[in-house]
Structures are given as C-alpha cells and as structure tokens.
Amino acid sequence: MKITPAHDFNDFEVGRRHNLPLINVLDVAGHLDLKDNAAFLKDVPPSPELDTTLAEDGFDRFAVRKKIVERLEGLGLLEKIEPTTHVVPHGDRSGAVLEPFLTDQWYVEAKTLAQPAIAAVRERNMVFVPPQWEATFFSWMENIQPWCMSRQIWWGHQIPAWYGPDGKIFVAETEDDAVADALAHYTDNEEITVEEGHDIAADPARRARFAREYIRRDEDVLDTWFSSALWPFSTLGWPDETAELKRFYPTSALVTGFDIIFFWVARMMMMGLHFMKEVPFHDIYIHALVRDASGAKMSKSKGNVIDPLNLIGEYGADALRFTLAAMAAQGRDIKLSTQRVEGNRNFATKLWNAARFAEINGCARDPDFDPRRAKETLNRWIAHETAKAGREVTAAIEAYKFNDAANAIYRFVWNVYCDWYLELIKPVLTGPDGIAKVETRAAAAWALDEILKLLHPFMPFVTEELWHVTAEHGAKRDHMLALDAWPQHHGLDHAAAEAEIGWVVDLVSAIRSVRVEMNIPASTLLPLVLAGASPQTAIRARHWTEFVQRLARVADITFADTAPQGAVQLVVRGEVAALPLKGVIDLAAERARLAKEMAKADADIARVDAKLGNPNFVARAPEEVVEEEKEKREEAEMRKAKIAEALERLKGAA
RNA sequence: GCGCGGUUAGCUCAGCGGAAGAGCACUUCCUUGACAUGGAAGGGGUCAGAGGUUCGAUCCCUCUACCGCGCACCA
C-alpha cells in the first residue's frame, strides 16, 4: 500500500513517523499527476490495474474520484456508500476546495529574531497601551514558530531567489546579480566553459536568455508581513543613512489594532531590532476594533466592512471621527452607534453657532488681550475653566485615553462655554460700550480659539474652517490650525472667579428648578429675596443682578433678615434665597418639594451615621476619609435645618 | 476543547475600593434677537447571580449563568 504524505495532513504525519517518501498524486491545478511521477511509480510492478490508473493522468480530481468508486464497484469491492460531514478549506474568493500540497518554501528563523523583541518589552523600551496586551504579545512571541514567508498569490514582492538546473540556489538583490552568481558557479564547476560564461556575461541578449531559460526564479512572493516588517525604516530610505531615517527612527508611538500585534507589530519589532539595532517605536497603542452590527470583526475578505464614507456623507467626517474617539475606551471594542454620530454632528453644529454668535457680537481676536490680566470676573472665570479643560484634554491624550479627552472638550464647549459663558456675557455684549465690553469680546474670541486648538485632533475640519473664518476679523494668522502649537495654559487658575460664578450658576439653576416644579410660566418674573445674606453674597448679588434677572427670569433682587412668609426658600451654597410667591405657588406642591429635599438630606445623614457608628470604620479607615464623612454629615445637617425652617414658614403662610 | 474579554439607566457605553455617570431615547415646559441639529427642568439602575476578602465592594478573589472574540486561509 502507498499513501500520499505530500498531500494529506494525516498521511504526512504517518510518513514522518515511518520515514516514507513524500508522494503527491496531484499537480498544482488539482489534476492527477501520475505518468512521470517517479515517487508514485517507484516499486509498483506493471499491471493492468496500473495501466487503468495511469489512464486517469491529467484528469480533474473530482472526476477521477468518481471513476475510482466505479472501479471499486466493478470489482465488487464496494461495501456501501454513506454520507459523512467532511470539513475542507475553500478558497475565499473562488470557493474552490483547497488541497494540501507539499512544496519547498522559505522560512525565517523567527525564534532567534523574537528574543530581542521580547527583551525590549520586558525592559520597557517598548510599552503596550493598555498593558494587558503585553501578555498576548509574550504568549505569541514565546511560542513563535518558524515563519513561512513564501506566499502563492499573484501580487507582492517576488522572492529574490533563483534556482539552477541542479537545484543550486542563488539569492541576490537583482536578477543581474543572480545571473552573475550563477555564471560564476557553473563555470567553476565546469558546467559551462569559462569562454562561454564570458560571452554570456558580455552579451545582454544572451544574459537575458540565460536568466530566462537556464536559471529559474522562485515564483512565490514574500509574505505581506515580511515586506511590511521593513516599513519603519525602508520607507525612510534605508539602507541609506538618510536625514529622515535619523529623524523618524525610532518614532514615539505606533497606533494599531490588537489583531495586528501578531502580524505587523511583532515583525516590525524583530526586523527593526535586527537591522537597525534599535526598537522602531516606544509606545504601542492598541486601539479598539470597530466591529460590524453583529459584533463581528470587519474583514475585506468577508465583505462585512462598513464603509465610513456612508456615515461621513450623512453626518460629516468630524462627527464620525469625534464619535470614534469618544468611544475608544481602552480595552473594549466599538460597535458603531449611528445615534452617537448624530449627537456629535449636533455638537459640531453647536460649536459653529457659538462661533457665529461670537462673530455677530464683534468678538474678534485681540493680540493685546492677555487672559491673565483680565479684569472682568467672567473673563477670569472662562480663562480658569479653559485652562482646566485644557489640562484635562492634554492629560487624557497623553494617557491614550481618547474617550476621556473627547468627553472633556465636549463638556467644556457645550456645558461651560455655550451654556454659561456665552449666556452670561450677553448682557455685556448688548450693553453699553466700554472697557468691559472690549475685554469681554477679546476674551470670548480667545476662549473660542483655545477651543479650536483643543478640539482640532477630534474635529479637524470644522475647527480648521473656523480658524480660517475667524482670521477674517481681528489679528491676522500666518499658518493653519494644524500647524499651531498645542495650547499650554499657565497662570490662569482663579479660585475667586470660580467661587463667584459658581454661586451665580447655582443660584440660577436652583431658581429655574423651582420655576419648573411650581409650573411658573416663563412670562412671570419673580422677585428674589436673599435672606440674611453675608456681606460677600450681598456684593455678589448686586454685581450679578442683571445676569440673574435674565437667566432666571427674576424681576428684582432685594435683601431681608429673614425670608418673607409664604415664600419658596432655596438653599444656595449655605444661604437662603427666597421667592415670595404668595398666591402664585401651589402650597401643596411646595411642601412636597421640600419633603423630598428633606428625605434626601435624611438619607444622606443616615448613610453617614451608619458609617460613623461603625467603630471599625472610625478605627481602620484613613483619617481623611473619616473627616470627609464628618463634613458630609455637617453639610447635610445644615441643609436639613434650612429645609425645616422653610417648611415652618410655609405653615405660617397657610 | 484551549485561551482572552464582556454582563452598569429603555439603547450604545464610561467609571472600577470611600455618596451611581454620559450620549441618545423618554416626560413636562419654552418659536426670549447664536443655535428647535436648540433651551430649561425632570423621571429612570438592589451596577447578571451566589459566595468570599475588607471598616467599607459596581470596583478585588472564587464559582455559576448567559454573550462575544481569537486559536484555518486572507488581511
């Protein structure tokens, strides 16, 4: 009996165990190859059966398999035919059954190359972000097999190896070099006379013919990753020592998907360390994979790739890019949500409208404006908030936490700059001309400029466009936004401004909340009474009257020692703000609102008491945590007292 | 089977030892001169289940259930 170790995987293993010849009865087209197949014919005595078999030479394997069944049937050797599930690989594109086929191929001794790469990661010359991928990297690198770099595909870099008629291998950079090597070899061993060798070498036509007919180039191409592994330096002019190579090798970070660790990243590391004696990059940021709707990995072969152009057509490239960044939390894949893309399209629109508002109100960039020297509290405040947002965005980007960075700039633009700053400066911008207005216009333009810079990595198009548009007013610009320096804010922190504007924001929010809960129409302007206001609050209230009036729909602000009877009382930063609404408010609704507040305060106190009542907590928890809890309790107690007071007054009103 | 990873508000997802968060959706109100692709205010989670560690667990450990991905080729 003969088996085919050069065709079937199981036969291959059997052949190895028993040292059998490597027989394959198929040719590369899947046709029977029997006639001149020495391995197949060896030791097979002539017979009619052999002749019948040999008659199948050159026929397709599927047809021949049927014929063999017929022959077995004819000989009475077939017992039965039953269906069986047989798993065989199929070509992705052709659908054809792929037959195993033993051939000579080129291998790289990957184990040796892997050692320096493993060491580089262990020594932290290269760092994976997030770090969990290190384990994946090590498990692959430590179990690495010889790397077969021959590929039987129709594109790619052809392997630079030529074979002589005797199987002698000539590896050379060019065909010309291979010819020279081959001529040297075959004249040396006297296959070719020295004179003939000289003649061939000297005659281009004969040289070409020699290359074509005498030696044969390996038909295979290099594995994509073999070529790609050279990318970090071959694209920079290597092996020449170019300026680019010097500047960009090694580079700081490689950004890629996890599935590429096993292919490209590791090979770039191996090749880089081998040829350049240095790592190709220091950080390896493994980003999330965008999966299709069903959570499957996208693949060109599978054809389930979502075309980003469709999303871009609908929502814009900025919205898509921002969404991907905002969803790119470390270590988790992305199932793209069109709703989030839509939301971020709206965000881009919001920014555009804010810029339009600034332009309409003459907010042009002023080269003489220095946010550190701003006089207006509002402008100090937005400088303070801009610096804070800038720090958040910068820190998040440096930590490769792009979702945090995107969310930080989103919140700043929408919930700080648009919702509060632009609203608060409206009275200034529409008010009388003066230095306050001049400064505010400059500050608004400055903050917008900083926004453009911080948002640029996430929304490059709309920010670049706004950068261009805003250049039409105010100071000239001499470069694109993309070329501008990343903002660094120093000396802009301003706790006093933060406290003051924070008070205004809290006051307005509290009044708005009550208005809605009490069903007070927007057209009704409410009087506001600050009860027992501290001198600081009184000063603030006088200064911010116009702003509070506008934003909270308040008629006027007055002061009193105690809240008037029947007024709704709000606790804002520890002090009472009262809205006298006798006859306007629904007393029952107000009582319910206060009861709810009271319940919240009670729950807070109960939770803290449960903690503080536990001797183990007090004994073992860090001191600052215990202190914090005590402060929370005090704050809740104060709140509760004010609410109780308000409830009491309500009784008097009824 | 062998490895990973996930299970948090209706949906898509952050957070990962000290009072549950975002966007969208939902409810109510608002055509006030940047923006209705908008504004204001709300409702909604025993953080899959069970044990354990801890003064304290959504967060750490173990187990269970369910869901995904890789371990062919191609890229």
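Sequence lines set the chain letters: A, B, ... in the order given, protein chains first and strands last, and positions in each chain run from 1.
Among the atoms of the strands shown, base atoms are found under 4.0 Å from some heavy atom of A:A621. At the heavy-atom level, A:N519 lies nowhere under 4.0 Å from the strands shown. A:E359 comes within 4.0 angstrom of nothing in the nucleic acid, heavy atoms only. Residue A:R151 is in sugar-phosphate contact alone, with no base atom involved, counting any heavy-atom pair closer than 4.0 Å across all strands shown. A:A619 comes within contact range of no nucleotide atom at all, as no heavy-atom separation falls under 4.0 Å. Residue A:R607 is in base contact, counting any heavy-atom pair closer than 4.0 Å across all strands shown. A:R345 comes within contact range of at least one nucleobase, with a heavy-atom separation under 4.0 Å. At a threshold of 4.0 angstrom between heavy atoms, the contacts of A:K600 with the nucleic acid are absent. Nucleic acid contact for A:P615: none, since no nucleic acid atom lies under 4.0 Å from a heavy atom of the residue. Contact annotation for A:N614: backbone-only contact, meaning every heavy-atom pair under 4.0 Å involves sugar-phosphate atoms and none involves a base.
Of the C1' atoms belonging to B:U53 and B:U62, the separation is 11 Å, rounded to the nearest Å. Atom name P, nucleotides B:U58 and B:C16: the rounded distance is 15 Å, in whole Å.
Across B:A19, B:G39, B:A75, the shortest atom-to-atom separation from the side chain of A:K350 is found for B:G39. Of the candidates B:G18, B:G23, B:G39, B:G39 carries the atom nearest the A:W414 side chain, counting heavy atoms from C-beta on. Checking B:A34, B:A40, B:G33 against every side-chain atom of A:D419, the shortest atom distance belongs to B:A40. Side chain of A:K632, nearest nucleotide from B:G38, B:A19, B:G42: B:A19. Of the listed nucleotides (B:G33, B:A34, B:A40), B:A34 has the atom at the smallest distance from the side chain of A:R356. Taking the side chain of A:Y410 as heavy atoms from C-beta on, and the options B:A34, B:A41, B:G23, the nearest nucleotide is B:G23. Side-chain proximity of A:E423 to the nucleotides B:G39, B:C35, B:G18 is greatest for B:C35.
Looking at A:Y315 and A:N346, their side chains never bring a donor and an acceptor atom within 3.5 Å of each other. Judged purely by distance below 3.5 Å, without hydrogens or angles, the side chains of A:T545 and A:Q549 never pair a donor atom with an acceptor atom.
In this structure, A:F322 and A:F458 have perpendicular ring planes: the angle between them is above 60°, well past the 30° mark. Between A:F347 and A:W414, the ring planes lie parallel to each other; the angle is under 30°, not in the 30° to 60° tilted range.
Using a 4.5 Å heavy-atom threshold, the side chains of A:P527 and A:V554 count as separate. At least one side-chain heavy atom of A:R345 sits under 4.5 Å from a side-chain heavy atom of A:E342.
Stem analysis of RNA chain B (at least three stacked-register Watson-Crick or G-U pairs, each with both distances under 3.5 Å) gives B:1-7 with B:65-71, B:10-13 with B:21-24, B:26-30 with B:38-42, B:48-52 with B:60-64.
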